[in-house]
Engineer: 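The following block contains the structure, expressed as structure tokens.
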Amino acid sequence: MLARLQVYFSGHVQGVGFRYTVQRLALGFDVTGWVKNLSDGRVEILIEGERGELEAFQAAIPNAGLRRFIRETQSDWSDGTGEFRGFEIAH
């Protein structure tokens, strides 16, 4: 079953290559969706895939050299829609 995970990262997550690192990391996982900066200084990711793959991807983000920038993470799960093709940096 396709799942959807929306994650908000807060801390010092903009201007440090966060989105580009997440985009590169996504290449190693079977996930689709996007990552983008928000006007309030947070970074949002919206991804779809199998739940286990999404959990593994989310767990890999801090371990990709980003842990020191992340102060707080908020996650919300829902059913996937299948609307995404690939993974991109959204604007």
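Position 1 is the first residue of the sequence; numbering continues from there. No hydrogens, no waters, no symmetry mates; every other heavy atom, side chains included, goes into these values.
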Engineer: The criterion is salt bridge (Lys or Arg N to Asp or Glu O under 4.0 Å); which residues satisfy it with E55, sequence neighbours excluded?
Structural biologist: R51
Engineer: Under the 4.5 Å side-chain heavy-atom rule for ILVMFWY, direct or indirect, which residues accompany M1?
Structural biologist: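 Answer for M1: none, a lone residue.
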Engineer: Test of understanding: with salt bridge (Lys or Arg N to Asp or Glu O under 4.0 Å), list the residues that count as partners of D76, not counting sequence neighbours.
Structural biologist: none
Engineer: Under the rule for salt bridge (Lys or Arg N to Asp or Glu O under 4.0 Å), what residues qualify as partners of E48, not counting sequence neighbours?
Structural biologist: R4
Engineer: Any chance the side chains of Q6 and E44 put a donor and an acceptor closer than 3.5 Å?
Structural biologist: yes
Engineer: When clusters are formed from ILVMFWY side-chain contacts under 4.5 Å, directly or step by step, what else is grouped with F29?
Structural biologist: L5, V7, F9, V13, V16, F18, Y20, V22, L25, V31, V35, V43, I45, I47, L54, F57, I61, L66, F69, I70, W77, F87, I89
Engineer: If a pair satisfies salt bridge (charged side-chain N to carboxylate O under 4.0 Å, His left out) and one of its residues is in residues 62-72, list it, with sequence neighbours excluded.
Structural biologist: none
Engineer: My understanding is that a hydrophobic cluster links ILVMFWY residues whose side chain heavy atoms are under 4.5 Å apart, including indirect links. Using that, what else belongs to the cluster containing L46?
Structural biologist: W34, F84
Engineer: My understanding is that only residues two or more places apart in sequence, or in another chain, count here; which of them pass side chain to side chain contact (heavy atoms under 4.5 Å, CB included) with D40?
Structural biologist: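 Counting only residues at least two positions away or on another chain, D40 forms a side chain to side chain contact (heavy atoms under 4.5 Å, CB included) with L38, R42.
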Engineer: So which pairs with a foot in residues 10-38 pass salt bridge (charged side-chain N to carboxylate O under 4.0 Å, His left out), sequence neighbours left out?
Structural biologist: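 Qualifying pairs: none.
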Engineer: Under the rule for side-chain hydrogen bond (donor to acceptor under 3.5 Å, both in side chains), what residues qualify as partners of S10, not counting sequence neighbours?
Structural biologist: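 side-chain hydrogen bond (donor to acceptor under 3.5 Å, both in side chains) check on S10 returns nothing, list empty.
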